[in-house]
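Here's the structure we're looking at; comments come further down.
In what follows, every chain begins at residue 1, and chains take the letters A, B, ... in the order their sequences are listed. Side chains are part of it too, since the values below use all heavy atoms of this structure and drop only hydrogens, waters and symmetry mates.
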There are 2 protein chains.
Amino acid sequence: MLGGLAAERRDMDVSNEGVSVLDQMVPVSRRTLHDELVGRIRDLIIEGHLAPESRIHEGQLGQALGVSRTPLREALKFLASEGLIELVPGRGAVVRRLTPRDVRDMLDVLAALETTAARLACRRASDAEIASLRRLHDEMMGYYATRTRLEYFKRNQAFHAGLATLSGNAFLAATHEGIQSRLRRIRFVGSDAPDKWAGAVAEHEEMVQALEARDADRLAAVIARHLEATWIRVQDVM
Amino acid sequence: MLGGLAAERRDMDVSNEGVSVLDQMVPVSRRTLHDELVGRIRDLIIEGHLAPESRIHEGQLGQALGVSRTPLREALKFLASEGLIELVPGRGAVVRRLTPRDVRDMLDVLAALETTAARLACRRASDAEIASLRRLHDEMMGYYATRTRLEYFKRNQAFHAGLATLSGNAFLAATHEGIQSRLRRIRFVGSDAPDKWAGAVAEHEEMVQALEARDADRLAAVIARHLEATWIRVQDVM
DNA sequence: CGCAAGAATGCTGTATGCAGGATGACAGGA
DNA sequence: TCCTGTCATCCTGCATACAGCATTCTTGCG
């Protein structure tokens with residue numbers, strides 16, 4: 001999902017001086033079957049309903065989803081490019097298993113992207129944008145207090161995505177989002193024990209403070225530490 | 001093309017002590033129609049035979065390539081996920097145009113990845129690996145001397161890809177490769193005047209030296225400077 | 001003469017059919 | 001008992017067919 005550069009930028013364009021309403025009108029987003037299928041299958045994989053290493057039976061899955069093989073196959077090719085599945089000639093699509101090494105590598109890339117985003121965000125994010133990230137963080141804290149795992153986790157992901165967006169670099173944000181979605185399952189099962197959350201919450205708090213102070217170096221350092229800790233938290237579930 | 005994590009790692013495993021030949025045997029690579037089409041269409045776009053903003057006529061292109069619409073459409077979905085084309089509901093595939101902003105954003109991400117790769121490479125690359133990158137650089141210098149543009153350009157790309165590989169992080173290398181291929185066309189037309197090469201060549205020389213000295217900070221700095229210069233070189237062709 | 005509504009054409013999106021290769025079972029032989 | 005070769009079945013890969021929507025041309029009206 002590295003696409004949609006222009007589309008995403010449009011949402012971030014806040015200044016509309018001298019621009020007609022027509023120009024900033026977003027096309028009605030018709031949910032196509034393609035998008036629907038890609039989303040559904042991606043969720044099936046991320047949520048673990050399609051096990052790693054398992055082959056995807058086109059006829060079966062197509063029937064289950066109520067579509068013919070053609071659009072289903074097209075969706076599978078799309079997901080293959082994202083790296084979620086692997087296309088084996090003559091044997092179809094296989095759900096890719098993330099090795100510990102893969103996860104480690106991806107976290108390193110994520111760290112590179114997030115620290116870069118952090119430095120950019122410290123420079124160019126508006127106070128309002130930073131405040132909205134702070135609100136997101138506070139929400140997350142609320143769910144942490146009540147141990148509401150799924151909602152806590154969602155805010156956590158949204159926080160990191162939001163930080164990437166604040167960089168003002170839409171391509172960076174899109175790339176970050178793609179990697180984060182691939183790591184979602186691993187990170188979710190890795191956050192099973194609420195006592196593991198404490199460290200992450202503290203790091204998030206520090207990140208918000210650094211961002212509010214626009215202290216780029218400190219923010220980058222915290223992020224690096226945060227992802228290193230994520231690696232440790234996640235390691236034993238693989 | 002963020003896929004192929006495991007596959008790419010295999011190539012880098014050089015030590016084969018106590019390992020049977022069977023274990024390191026690479027499966028016969030059957031070039032599927034899918035791969036063939038993806039490669040061909042990608043090249044058509046990157047080389048400019050399919051103009052930006054232009055719609056891709058499935059019947060037409062299919063006939064030109066000698067395949068039916070089904071595998072062609074599947075290849076298009078694949079490329080859409082890479083971001084080369086955009087899928088417009090009811091109107092098919094459109095070649096995406098890179099705005100200056102897109103290019104700038106992508107170069108920033110490329111810089112983040114390459115500097116990260118550089119630091120890793122300084123730590124873990126073997127002397128032999130560094131030497132082979134030096135050879136690649138020397139080859140490039142040869143083509144620079146004779147102003148052999150295409151070959152020069154290819155070595156240039158290979159050099160950066162090689163640096164990413166030396167990081168030992170296969171995912172980073174794959175991500176880097178994906179971005180670099182999308183920028184290939186713009187960088188190629190941006191290198192039309194040989195007098196522009198001089199700076200790039202000098203920077204490459206400095207990069208090799210820094211890598212040989214395993215001076216991570218210096219290497220990262222040169223890379224950042226190099227990509228900043230790339231942005232300037234490329235700007236006026238857009 | 002310009003514009004708009006409608007029809008015709010062409011293209012995309014989806015379903016289905018068919019051929020070739022993969023998978024698994026089973027029998028015969030070492 | 002285990003291995004190997006053969007056969008049946010199933011599934012994938014590709015082609016083709018058809019329905020519905022976009023686009024464009026044409027025609028009628030202002």
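When each of C/dT23, C/dT14, C/dT12 is scored by its nearest atom to the side-chain atoms of A/Leu33, the top-ranked nucleotide is C/dT14. Comparing atom distances between the A/Glu58 side chain and each of C/dC11, C/dG13, D/dT12 picks out D/dT12 as nearest.
For the residue pair B/Gln180 / B/His160, no side-chain donor-acceptor distance below 3.5 Å is found, with atom types taken as modelled.
Atom CD1 of A/Ile85 is separated from atom P of D/dT12 by 12 Å (rounded to the nearest Å).
Backbone-only contact: A/Ile56 has heavy atoms under 4.0 Å from sugar-phosphate atoms and none from a base. In this structure, A/His57 reaches the sugar-phosphate backbone alone: every heavy-atom distance under 4.0 Å involves primed, P, OP1 or OP2 atoms, never a base.
Here the straight-line distance linking atom CG of A/Leu107 with atom CZ of A/Arg104 works out to 7.0 Å at 0.5 Å rounding.
Stacking of A/Arg184 on the aromatic ring of A/Phe153 is not recorded, the 6.0 Å distance cut-off and the 45° axial limit not both being met.
Listed by residue number, A/Arg69, A/Arg73 are the residues of residues 66-74 of chain A with a heavy-atom contact under 4.0 Å to DNA chain D.
Judged by distance alone, with hydrogens and angles left aside, the side-chain atoms of B/Asp105 form no donor-acceptor pair with the main-chain N or O of A/Asn169 at under 3.5 Å.
An OP1 or OP2 oxygen of D/dC11 is reached within less than 4.0 angstrom by no side-chain nitrogen or oxygen of A/Arg91.
Using a 4.0 Å cut-off between a side-chain N of Lys or Arg and a carboxylate O of Asp or Glu, A/Arg73 and B/Glu74 qualify as a salt bridge.
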Open item on the list: Dot-bracket, 5' to 3', for DNA chain C please: Watson-Crick or G-U pairs under 3.5 Å, [ ] where pairs cross earlier ones, | where the partner sits on another strand, dots elsewhere.
Closed with: ||||||||||||||||||||||||||||||

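Applying the salt bridge (Lys or Arg N to Asp or Glu O under 4.0 Å) rule to pairs touching residues 156-167 of chain A yields nothing, sequence neighbours excluded.
Within a 6.0 Å radius of CD in A/Gln63, no more than 12 heavy atoms belonging to other residues, nucleotides or ligands are found.
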